[in-house]
Visitor: 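One structure, pasted below without further comment.
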Amino acid sequence: LSQACVAMGFDSLESKVHIPVWILSSVAYLLSLLAKLAGDTDTGGRWGHRLMGMVQPFTVRMMTIHRWFDISNAQRDLKYEPIVPF
């Protein structure tokens, strides 16, 4: 995957900094609390909206869950072959 990123002109994934999930989650919940204290986050209060826009608990959860897909049915029924074999 890192080689594919480099081939498309992006930085290597190895050059990125890894932040543990527990730190990201803690920061997200802290910002969520601060946003609720600073303004109405549902309507985008002045400071609340800016704080919630940075890191949200939902975003951290969605970016860190493991996903996998089974393409065997598409290969069998549609004769699908992925461009990049895994």
Visitor: Donor-acceptor pairs under 3.5 Å, side chain of residues 69-76 to any protein atom, not counting sequence neighbours: which ones?
Guide:
unit_1, atom_1, unit_2, atom_2, d
Asp70, OD1, Ser72, N, 3.1
Asp70, OD1, Ser72, OG, 3.0
Asp70, OD2, Ser72, OG, 3.2
Asn73, OD1, Arg76, NH1, 3.1
Asn73, OD1, Arg76, NH2, 3.4

Visitor: Side-chain heavy atoms nearer than 4.5 Å, only ILVMFWY residues, links allowed to pass through others: does that put Met63 and Phe58 together?
Guide: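 No, Met63 does not connect to Phe58 through the hydrophobic network.
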
Visitor: Main chain of Ala28, side chain of Ser32: is a donor-acceptor contact present, judged purely on distance under 3.5 Å?
Guide: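 Pair absent, no side-chain N/O of Ser32 close to backbone of Ala28.
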
Visitor: Taking all atoms of both residues into account, what is the closest heavy-atom pair of Leu24 and Ile19, and its distance?
Guide: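 Looking at all heavy atoms of both residues, the closest pair is CG-CG2, 3.9 Å.
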
Visitor: Taking C-beta and beyond as the side chain, do Met8 and Gln3 meet within less than 4.5 Å on heavy atoms?
Guide: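 No. Closest side-chain heavy atoms not under 4.5 Å.
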
Visitor: My understanding is that only residues two or more places apart in sequence, or in another chain, count here; which of them pass side-chain hydrogen bond (donor to acceptor under 3.5 Å, both in side chains) with Tyr29?
Guide: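 Tyr29: side-chain hydrogen bond (donor to acceptor under 3.5 Å, both in side chains) contacts with Arg61.
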
Visitor: Decide whether Val21 and Ile65 are clustered together by the hydrophobic rule: side chain heavy atoms of Ile, Leu, Val, Met, Phe, Trp, Tyr closer than 4.5 Å, transitively.
Guide: no

Visitor: In terms of hydrophobic clusters joined by side-chain contacts under 4.5 Å, are Met62 and Trp22 together?
Guide: no

